[in-house]
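First the structure, in the form of structure tokens, and then the observations on it.
In what follows, every heavy atom counts, from backbone to side chain, and hydrogens, waters and symmetry copies are set aside.
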Amino acid sequence: AREVGAARDRREPDVTPVDLRDVVVDPLVRIAGERRAGRADRAQLGQIGDSSGFVTWVAFSPEGGLLAVVGSAQRIRLFETRSWKEINTFKGHSDVVTSVVFSPDGKTMLTGSRDSTIKGWTVSTNQQPVSQRLPSDVYSAALLPGAKSLYLAHTNQTYSFWLTDPLQESARYRFPL
């Protein structure tokens, strides 16, 4: 009987489900919040994808209460994480939005796009964003600690550092090949 049980255990391992909302996928993203159970909540989380295109990047606000989703639909969709309901949509890019980051206070989002711009959005309003034209498309973006500098990787094999107040480029480098 022991051998039968042991063989069965090898075929059917005990797998504990993982709630993806509790997984940190990027060291810059910190998820604050509680675990929520229930099929309805998981179903709502599954609907966050953009049906009009593909998702390229997601970012949680520093306190974890908001989730920004960007992609090929050229917009930024903002979700409240308690209900997973979409609370705002920001439009202004003319090509795929490739990255989004929140400021440390969660009041501003910075986005980069294949339209060769970065834009600064006030989370609580639908005002036109602050926009900066770049010499090439943005592949990814990250705020450096202290939020005084922004790192951008570009599609032309360069990366740049930007001061955030006022928004201006401070250095540009080529990736070593």
Side-chain angles (χ1 to χ4, degrees), residues 20-36 40-134 137-153 160-170:
L20 293 178
R21 288 164 291 175
D22 293 336
V23 176
V24 176
V25 295
D26 184 314
L28 297 174
V29 175
R30 289 177 174 75
I31 302 172
E34 58 195 61
R35 290 183 66 127
R36 295 174 209 55
D41 197 50
R42 287 192 179 98
Q44 289 172 354
L45 181 60
Q47 297 301 315
I48 287 177
D50 198 334
S51 62
S52 63
F54 56 88
V55 171
T56 56
W57 201 273
V58 299
F60 286 90
S61 61
E63 81 291 345
L66 299 173
L67 174 69
V69 178
V70 300
S72 63
Q74 305 170 8
R75 63 185 177 196
I76 300 93
R77 297 173 66 207
L78 194 63
F79 294 85
E80 190 275 317
T81 60
R82 284 188 179 245
S83 65
W84 296 107
K85 292 196 187 312
E86 186 171 350
I87 59 171
N88 208 344
T89 301
F90 301 89
K91 297 178 182 176
H93 284 290
S94 61
D95 205 335
V96 175
V97 183
T98 55
S99 57
V100 59
V101 293
F102 278 93
S103 62
D105 64 7
K107 294 179 181 179
T108 305
M109 294 181 297
L110 293 170
T111 56
S113 172
R114 288 189 190 159
D115 65 6
S116 298
T117 64
I118 52 174
K119 296 185 185 290
W121 310 82
T122 302
V123 171
S124 62
T125 68
N126 277 338
Q127 294 177 337
Q128 282 298 102
V130 173
S131 186
Q132 176 67 48
R133 170 88 31 213
L134 303 170
D137 298 347
V138 175
Y139 179 73
S140 66
L143 275 173
L144 298 178
K148 296 189 185 306
S149 296
L150 175 68
Y151 163 84
L152 299 174
S160 60
F161 292 93
W162 289 72
L163 300 175
T164 57
D165 189 22
L167 187 60
Q168 64 183 31
E169 188 175 84
S170 61

Do side-chain atoms of Thr98 reach the backbone of Gly112 as a donor and acceptor pair under 3.5 angstrom? yes

Got a sec, which residues hit side chain to side chain donor-acceptor pair (under 3.5 Å) with Ser149, two or more places apart in sequence or on another chain? none

What residues form a side chain to side chain donor-acceptor pair (under 3.5 Å) with Thr89, not counting sequence neighbours? Glu86

Check Val100 against Ala68 and note the closest heavy-atom contact, atom names and distance. CG2-CB, 4.0 Å

side-chain contact (heavy atoms from CB on, under 4.5 Å) involving Thr125 - partner list, sequence neighbours excluded: Thr122, Gln127

Could you go through Leu110 and Leu143, starting from their C-alpha distance and side-chain angles, then the distance that decides it, and tell me whether this counts as side chain to side chain contact (heavy atoms under 4.5 Å, CB included)? CA-CA 9 Å; Leu110 293 170; Leu143 275 173; 4.0 Å; yes

Note: Ile118 and Leu152 closest approach over all heavy atoms is CG2-CD1, 3.7 Å

For residues Gly106 and Phe102, report the shortest heavy-atom separation together with the two atoms involved. O-CD2, 4.0 Å

Would you say the side chain of Ser113 lies within less than 4.5 Å of the side chain of Val138, judging by non-hydrogen atoms? no

Could you check His93 against Val70 for side chain to side chain contact (heavy atoms under 4.5 Å, CB included), going step by step and ending with a plain yes or no? CA-CA 11 Å; His93 284 290; Val70 300; over 6 Å; no

Evaluate Phe79 against Ile87 for side chain to side chain contact (heavy atoms under 4.5 Å, CB included), listing each step before the verdict. CA-CA 5 Å; Phe79 294 85; Ile87 59 171; over 6 Å; no

Do Lys119 and Val97 have side-chain heavy atoms sitting under 4.5 Å apart? no

Side chain to side chain donor-acceptor pair (under 3.5 Å) partners of Gln132, counting only residues at least two apart: none

Just grab all the side chain to side chain donor-acceptor pair (under 3.5 Å) pairs involving residues 99-108, residues at least two apart or on different chains. Ser103-Asp105

To the nearest 0.5 Å, what is the distance between CG (Leu67) and CH2 (Trp84)? 5.5 Å

Expected output: side-chain Arg114 to main-chain Tyr139 donor-acceptor under 3.5 Å: no

I'd like to check the side-chain contact (heavy atoms from CB on, under 4.5 Å) partners of Ser140; sequence neighbours left out, ordered by chain and number. Trp57, Ala153

To the closest 0.5 Å, what do you measure between CG (Leu150) and CG (Leu167)? 7.0 Å

Among side-chain atoms of Asp137 and Ser116, is any donor-acceptor pair under 3.5 angstrom? yes

Given the rule in the side chain to side chain contact (heavy atoms under 4.5 Å, CB included) test, do Asp165 and Lys148 qualify, once you have shown the distances and angles that lead to the verdict? CA-CA 7 Å; Asp165 189 22; Lys148 296 189 185 306; over 6 Å; no

Contacts of Thr164 that satisfy side chain to side chain donor-acceptor pair (under 3.5 Å) - sequence neighbours left out: none

Nearest heavy atoms of Glu80 and Leu66, plus distance in Å: CA-CD2, 4.3 Å

Mark yes or no for whether Asp115, through its side chain, and Ser94, through its backbone, hold a donor-acceptor pair below 3.5 Å. yes

Holding to ring-ring contact (aromatic ring centres under 6.0 Å, His included), I want the full list of residues that pass it with Trp121, two or more places apart in sequence or in another chain. Phe90

